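Single-structure report; data block below.
Below, chain A is the first sequence line, B the second, and so on; all start at residue 1. Just so you know, these numbers come straight off a predicted model, no measurement behind them.
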Amino acid sequence: MKNPNSLILLTKISKNYHRGNETVHALQEVDLSIERGDFIAFMGASGSGKSTLLNVIGGLDQCSSGSYLLNGVEVSKVPEKKWIYLRRQWFGYVFQSFHLIPTLTVKENIELPLLFAGKQKLQDKIHNTLVEIGLDHRMNHLPSQLSGGEMQRTAIARAVVHNPPILIADEPTGNLDSENATMIFRLFQTLNQKHNITILCATHDPALAKQCSRIVLMKDGTMWEE
Amino acid sequence: MNYLGLAAANLKRRKWRTLFSVIGITAIVMAFFSLVTFAQGYQNALRKEFTSLGIQILAVPKGCPYEMTIYVLHGGHIEKSLTMEQFYKVREHPSVSLASPILLQKVVHKDTHMETVLYGVYPDFAKLKPLWNMEQLSFHHEKANECWIGSNIAKTLSLKVGDPLPPYYFEQECTIVGVLPKTRTADDQFIFAPLQTVQHILGYPQQMKAIGIQLKEGEKVGAVMEELSQIPDVQIVSYRQAEYTLNDLVQSTRNLIQIAIWFIVLMGMIGIVNTLLMTIEDRRKEMGMMKALGATSLQLSYVVGMEVFFIILSGCGLGMIMSWIFNKGIENLLRLLVSNAPSGSLSYYSFSTIVSTFLFCIFLGFLASIIPLRTVRKISPLEAIQDEKS
């Protein structure tokens with residue numbers, strides 16, 4: 001049932017791209033409604049379209065057709081230049097490969113979104129996030145001095161330091177062992193429950209997906225089951 | 001942390017690449033700065049040399065007056081000669097205040113093979129030389145076996161007044177009656193002896209190769225030159241004319257050097273652009289991620305721009321310092337390229353040369369940034385996750 005007041009409302013979203021002479025239908029008329037505070041796991045085989053869907057939702061990629069309402073505002077045709085400001089305001093991103101800057105310390109990596117938003121003076125905010133994520137004792141370490149779990153926690157801290165309402169995590173546990181993966185999901189749950197952050201997470205792990213409030217199954221670019 | 005910290009972290013990440021980029025710019029700036037200082041320095045050195053010659057007009061035998069002027073300045077073999085009759089005619093002209101005969105020839109030290117020039121002059125030749133500042137210079141008589149020597153010869157051969165000039169250069173011993181003060185001109189290398197003595201040594205009785213002329217105050221140089229040109233087989237050249245002509249003569253060499261330097265600049269620029277593009281390609285994912293975190297193209301360009309300007313300005317400063325340190329070597333190289341270059345420093349450092357080099361570097365920085373910054377602008381946040389799953 002579609003709710004026009006949803007935080008995110010996707011209607012018949014399609015995404016096509018060309019590979020040589022072939023047209024690939026990465027997403028086919030996807031309809032999805034996401035509410036504030038949702039913690040959704042997107043599951044499906046590789047190539048099912050879950051990452052493409054997250055990219056479209058997070059404004060990293062544009063859909064080919066369909067409607068995308070973000071907090072009631074149509075954003076499907078918003079150009080990249082304006083998306084920068086939407087991303088700053090609405091989204092935090094966590095990637096499978098962490099993408100931390102190797103020459104910057106944990107604290108400096110976390111500070112990046114605030115620097116780009118011109119809010120680098122919020123040092124208390126950085127410190128609080130570090131404490132919450134449990135990395136305050138590692139704040140002056142370089143990423144090369146951290147474990148995989150610590151690196152992903154740093155990436156999560158970087159994704160939430162500017163208080164985004166939505167956190168997009170594309171296979172955040174893909175490079176982690178099960179112990180660290182569980183820890184990361186526990187952190188997501190805390191962020192979801194304590195700060196009401198809407199979390200959209202692509203994962204292959206059914207055990208982790210079960211901890212989410214909703215599971216969306218993707219197959220061949222369509223929503224197969226919810 | 002700020003943008004400068006981000007740029008510094010990027011530069012530190014690839015220390016060798018940064019270092020080689022700075023070295024590349026240093027080489028470009030060295031070449032450019034040397035050219036700029038040379039252009040001004042050559043003119044100044046030439047003017048100083050003509051001033052040290054101390055004459056307004058030079059009378060030489062018919063031929064190429066400018067070539068002969070160079071020979072008078074630096075020594076050389078002049079085929080034709082002027083006679084004493086021609087000299088007297090010049091000296092008797094009512095506008096001439098001082099006319100001094102000059103006979104000269106290159107002579108070689110038998111042991112060291114060091115070249116110098118032996119000048120035959122009248123004692124009043126010293127009055128023509130403003131840099132000598134020695135009114136006491138004289139010879140005991142017109143045929144005296146005496147000489148004045150330049151400061152470099154005195155220093156090299158450890159000679160002083162009263163010593164005999166050993167018969168290394170020519171088959172006659174001369175007593176040194178004067179050591180000239182250091183002038184930083186070609187005079188520092190020369191030997192000056194009475195005209196008749198030199199005429200005897202070189203086998204040119206009653207002859208000379210040039211006449212240095214000073215006019216009485218208020219005389220019009222052009223008019224006097226016109227009148228002196230009427231003396232048969234005598235060519236008159238003013239030192240200003242000679243200076244301009246010599247400047248023009250080196251212009252083609254200077255143009256050639258300029259082309260070579262612009263080529264170096266172009267090659268260097270391509271190198272810098274290539275290095276910057278490599279740096280950006282290396283960080284493509286990272287920049288995509290930064291865009292996903294809310295960085296605008298302008299903010300990332302700002303960071304890359306700071307890196308470019310750090311490299312350019314470090315290279316600029318180092319290039320100028322290196323050019324100054326290796327000034328002597330560069331000058332020797334220029335002397336090989338420019339024949340008959342004036343003695344003394346060929347480089348002229350001034351505030352304006354430093355500023356123009358600095359501005360040139362900033363221009364270079366802007367030019368080198370165009371393509372890399374376009375690349376930064378085109379990077380999409382999607383690139384942060386592309387290939388991640390492949």
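Listed here is the closest heavy atom pair of R88(A) and L293(B): CG-O, 4.5 Å. Closest of all the heavy-atom pairs between F116(A) and G294(B) is CB-O, 3.7 Å. Considering all non-hydrogen atoms of both residues, L115(A) and Q299(B) come closest at O-NE2, 4.3 Å. Looking at every heavy atom in both residues, Y93(A) comes nearest to A292(B) through CE1-O, 3.1 Å.
One distance of note links CG of L298(B) with NZ of K81(A); it measures 10.0 Å at 0.5 Å rounding. Considering OG of S297(B) and CD of E80(A), their distance stands at 7.5 Å, rounded to 0.5 Å. One distance of note links CG of D61(A) with CG of L382(B); it measures 4.5 Å at 0.5 Å rounding. Taking CE from M290(B) and CG from L112(A), the interatomic distance works out to 5.5 Å, rounded to the nearest 0.5 Å. Rounding to the nearest 0.5 Å gives a distance of 12.0 Å between CG of L60(A) and CE of M289(B).
Counted within 6.0 Å of CZ on F360(B), heavy atoms from surrounding residues, nucleotides or ligands total more than 12; the atom is thus considered enclosed. Counting non-hydrogen atoms of neighbouring residues, nucleotides and ligands closer than 6.0 angstrom, the NZ atom of K82(A) reaches no more than 12 such neighbours. By the neighbour-count criterion of 12 heavy atoms within 6.0 Å, atom CG of D177(A) is densely surrounded, having more than that number from other residues, nucleotides or ligands. The environment of NZ in K77(A) is crowded: more than 12 heavy-atom neighbours from other residues, nucleotides or ligands sit within 6.0 Å.
Taking the side chain as every heavy atom from C-beta outward, S97(A) and K285(B) never approach each other to under 4.5 Å.
Both the backbone and the side chain of E108(A) come within less than 4.5 Å of a heavy atom of chain B. Interface remark: F91(A) contributes no atoms to any contact with chain B (heavy atom separation under 4.5 Å).
Of the possible donor and acceptor atoms, none in the side chain of R13(B) sits under 3.5 Å from a partner among the backbone N and O of P102(A).
Within the structure, side-chain hydrogen bond (donor to acceptor under 3.5 Å, both in side chains) pairs that include any residue of residues 261-272 of chain B do not occur (at least two apart or interchain).
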Would you list the atom pairs, donor with acceptor, under 3.5 Å between side chains in residues 134-141 of chain A and any protein atom, with sequence neighbours excluded?
unit_1	atom_1	unit_2	atom_2	d
R138(A)	NE	E150(A)	OE2	3.1
R138(A)	NH1	H141(A)	NE2	3.3
R138(A)	NH2	Q145(A)	O	3.3
R138(A)	NH2	E150(A)	OE1	3.1

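For residues 301-324 of chain B, a heavy-atom distance under 4.5 Å to chain A picks out no residue at all.
Listed by chain and number, the residues in a salt bridge (Lys or Arg N to Asp or Glu O under 4.0 Å) with R374(B) amount to none (sequence neighbours excluded).
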